[in-house]
Amino acid sequence: MRRLSRPALLVFLAAIAVATTAFVMLGRSGIDARRHAELVATFDAMAQAETSLDRDLLQVMAGLLPHYDTVVAHSSTLQGLFVRLEGGEDWPELPHDALANYRRLVEAKLAASEQIKAVAAFVRKEGSYLPFAVQRYVETAEGKVGLSVQDAMIALLSDDPEDAGLAGPLARFAAAADPALRGIGQHMQALMEQRQALHEATDEYFAIDSHAALEHAREQYMAAFGLRQDRLATLTRGLQVLTVALFVGLGLTISRLGRAHERAELAHGQLVDAVDSLQEAFALFDHGRRLVLCNARYDSLFPGHGRIDGFRNLLAVLRAHAVEGNVAADQGSAMEMLVANPADGRTHLFRSHPTSDHGSVCLFTDLTEHRRVEAQIRKLTAAVEQSPVAIVITDADSCMEYVNPRFLELTGYGMDEVIGQTPRLLKSGEVRASVYEEMWKTISAGLTWRGELINRKKNGELFWESTTISPIRDATGRITNYVALKEDITQHKRNVDLLIDANADIERMLFAASHDLQEPVRLMQTYCQKLTRQLPGDAGADARESMGFIVEAARQLGHLISGLTTYSRSGRPTDAFGPVDCAAVVNRALAECLALAEQQNPHVRMGPLPVVQGDPVLLVMLFENLIGNALKFRHPARSPEIVVTAEHDGAGWRIDVADNGIGIEAQYLPTITQPFSRLYPRATHPGAGLGLASCLKIAKVHGGRLWLDSVPNAGTTVHVWLPAGARVEEDRTAVAVD
């Protein structure tokens, strides 16, 4: 601009002046066009409102309009349109005299419409009343009189009363001696008179030629407006000629600005490259709220909308997808809000700032990952704060940086009393120093330490806690913090001690009871057998049978005492569990069962068996019961066969004990493992009914389970699932015992 010559500057200033004039004229032309459109719309609205008023009044006269709301609305519309025209005093094209004449005619029509509405209301009321009154009268009147009244009513409601010659009959009805007939006649006369008045008012209303007056006023306005447009067109042509001359002059200026334009293009290219390199979506709008510059990230920001070229359209899209914040109505104000894009589910922070040329520069920063991490942090924070476990976070020097509310509740300390302190604040002196040395050695090596400690609360009370301490590392692997999870197990410790004492008392009681009860039972059996031998030869069969019953009852009582003792011992604690060789356990149980079996020759096959974690005594009891049941419930028609196999199943082993005995009906399988469950009488299959119940209890103590499959008269398979032990031996050769 500094290098422009004086002529070019003068041409430029002249172009500005012409452009300003054209802009003013364009603005004025726009105002005139809007004003003309408003006036034409007003004329059209007045014509439409008046036509609608005429139509509704015809419906009123015909009794087809149940209410007058539309008539009132049309009247109000006409009044409002007149007020609008009266507000245009600065519109010289308006024919005020013609409009005043038209308003006078419309007011006359409105006055006539009020008369029509009043008379029509009366006619409709009387027309609704008379049929009911005549019907009541006809029911009690003489036949000819009632018929004449009905004919008069029909003629009155359907035809022109005067053309029907109803004046005479109605007068007779009105002068009748019968009060009911006289009342009907008076109503009919009033209806006939009001119908005539309605016709006269309607004729008077439609005699007012307001439509012609409105059209005359419209034609005057259109002629005045056309003359104004002709003058404006002449001035426009003059400006066009001047514009052509100015463009010729500006051509020289444009050629001299070529180099400046090239430099501007270079700068613009550099700006575009800078904008495209931004990680955020960028958009620049000029003072006209049009898009000037953007990068590819802005184009792909709202896939469903494509490139948004207008600032107003952008604000509309932002309002539709806003999550937080509000967009300002003024482009010149700074704005900031969160926007969620439903197309891809991502969240962006929108920021807009005004530029020096009254435009706007907009940035969209993708906060999806940030908000996800923030939500996760809030979730984790809530979980830590609301955790029922006490949580402590210390720095690398073991100084407490954070404790959750559960820790304060457990220890009785306040937040300001523990922050900056070390966990030695809770030290009770009841824990050996070697435990702390092991703990620090473990966590310093980057491992997790778990153990139980006795600590002291603020009030001096001791409590047991189960503690887990883990190190926290930074990106380089360096330990920066430690986190400790502490759970109060004081009551649990007390319950365990009580349970151990109770179990010990029960075992001692059962042992004493079994020992003390077995001796009297054996004496009963011995002396019953002695008495049986001492009975004289002539003793009756009943006496010998009674002695047999006593012996059998004593034997069953002995089985019951042994079963209860075994069942109570099957729930031993698991603290002493260790690796158990199932093959050795089964062989021992098999030897015990074969030693007790009388006159039996079972065929036993045992496959490779694993090593499990458990109690060898309990497992021997389990397999003794299973093998003993297989021998006890053998099939009478064949020799007993027992097969013991194992199969790896998930995190443990399934050991199957199968036989070829009498089997179990399917309906009894769900309840057969309950204590004292029996399917056969004691006389044929003696026992206490506690064998399978003890086996199930032993399996549960080992963390396993027990279930049965059986086919009646074919055999039963008992499945025992036990967790795997420290080692597995699957290469043992099968063992067969005959």
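Along the sequence shown, residues carry numbers from 1.
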Exercise for the section: Let me see the working for Glu401 and Thr394 under side-chain contact (heavy atoms from CB on, under 4.5 Å), right down to the final yes or no. Expected result: CA-CA 5 Å; Glu401 295 181 342; Thr394 69; 5.9 Å; no
Within the side chain of [X], is there an N or O that forms a donor-acceptor pair under 3.5 Å with the backbone of [Y]?
| X | Y | value |
| --- | --- | --- |
| Asn660 | Ser639 | yes |
| Asp656 | Thr645 | no |
| His702 | Asp615 | yes |
| Glu417 | Gly414 | yes |
| Asp366 | His348 | no |
| Arg406 | Ala390 | no |
| Asp649 | Trp653 | no |

Exercise for the section: Step by step, work out the side-chain contact (heavy atoms from CB on, under 4.5 Å) result for Val418 and Leu425. Expected result: CA-CA 8 Å; Val418 297; Leu425 179 68; 3.9 Å; yes
Which heavy atom of [X] sits nearest a heavy atom of [Y], and at what distance?
| X | Y | result |
| --- | --- | --- |
| Met400 | Thr422 | CE-O, 3.7 Å |
| Ser694 | Asn625 | CB-ND2, 4.2 Å |
| Val611 | Asp581 | CG2-CA, 4.3 Å |
| Leu706 | Ala699 | CB-CB, 4.3 Å |
| Ile391 | Leu485 | CG1-CD2, 3.6 Å |
| Pro610 | Ala646 | CD-CB, 3.6 Å |

Handout entry: Trp721 six-ring centre to Arg654 NZ/CZ under 6.0 Å and within 45° of normal
Key =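 Negative - Arg654 is either too far from the ring of Trp721 or too far off its axis.
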Practice task
Report yes or no: is the cationic atom of Lys486 (NZ for Lys, CZ for Arg) under 6.0 Å from the centre of the six-membered ring of Phe463, at an angle within 45° of the ring normal?
Solution key: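 Checked: cation-pi criterion not met.
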Handout entry: Basic-acidic side-chain contact under 4.0 Å: Lys441, Glu438
Key =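 A salt bridge is absent here (no side-chain N lies under 4.0 Å from a carboxylate O).
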Handout entry: Pairing of Glu624 and Arg588 as salt bridge, 4.0 angstrom limit
Key =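 So Glu624 does not pair with Arg588 through a salt bridge.
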[atom1]-[atom2] distance between [X] and [Y], expressed to the nearest 0.5 angstrom:
| X | Y | atom1 | atom2 | answer |
| --- | --- | --- | --- | --- |
| Glu461 | Arg456 | CD | CZ | 10.5 Å |
| Glu452 | Ile454 | CD | CD1 | 9.5 Å |
| Ile698 | Leu626 | CD1 | CG | 9.0 Å |
| Asn404 | Met415 | CG | CE | 8.0 Å |
| Lys458 | Leu408 | NZ | CG | 10.5 Å |
| Glu641 | His635 | CD | NE2 | 12.5 Å |

For the residue pair [X] and [Y], establish whether any side-chain heavy-atom pair is separated by less than 4.5 Å.
| X | Y | answer |
| --- | --- | --- |
| Val585 | Val580 | yes |
| Val657 | Ile642 | yes |
| Thr411 | Leu426 | yes |
| Phe633 | Asp659 | no |
| Trp440 | Ser398 | yes |
| His370 | Val373 | no |
| Thr448 | Thr468 | yes |
| Glu665 | Pro712 | yes |

Problem - Residue pair Asp709, His719: steps toward the side chain to side chain donor-acceptor pair (under 3.5 Å) verdict - result: CA-CA 8 Å; Asp709 292 327; His719 307 281; 2.7 Å; yes
Problem - Other residues, nucleotides, ligands: >12 heavy atoms within 6.0 Å of Arg638 CZ - result: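 Atom CZ in Arg638 is packed in, count exceeds 12.
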Practice task
Taking atom NZ of Lys457 as the centre, report whether more than 12 heavy atoms of other residues, nucleotides or ligands fall under 6.0 Å from it.
Solution key: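 Enclosed.
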Could you work out, with side-chain hydrogen bond (donor to acceptor under 3.5 Å, both in side chains) as the rule, every residue matching [X], not counting sequence neighbours?
| X | result |
| --- | --- |
| Glu385 | Tyr402 |
| Glu430 | none |
| Ser710 | Thr716 |

Exercise for the section: Test side-chain contact (heavy atoms from CB on, under 4.5 Å) on Val435 and Glu437 and set out the steps. Expected result: CA-CA 5 Å; Val435 174; Glu437 292 175 359; over 6 Å; no
Exercise for the section: Apply side-chain contact (heavy atoms from CB on, under 4.5 Å) to the pair Val644 and Ile655, showing each step before the final yes or no. Expected result: CA-CA 7 Å; Val644 182; Ile655 303 174; 4.2 Å; yes
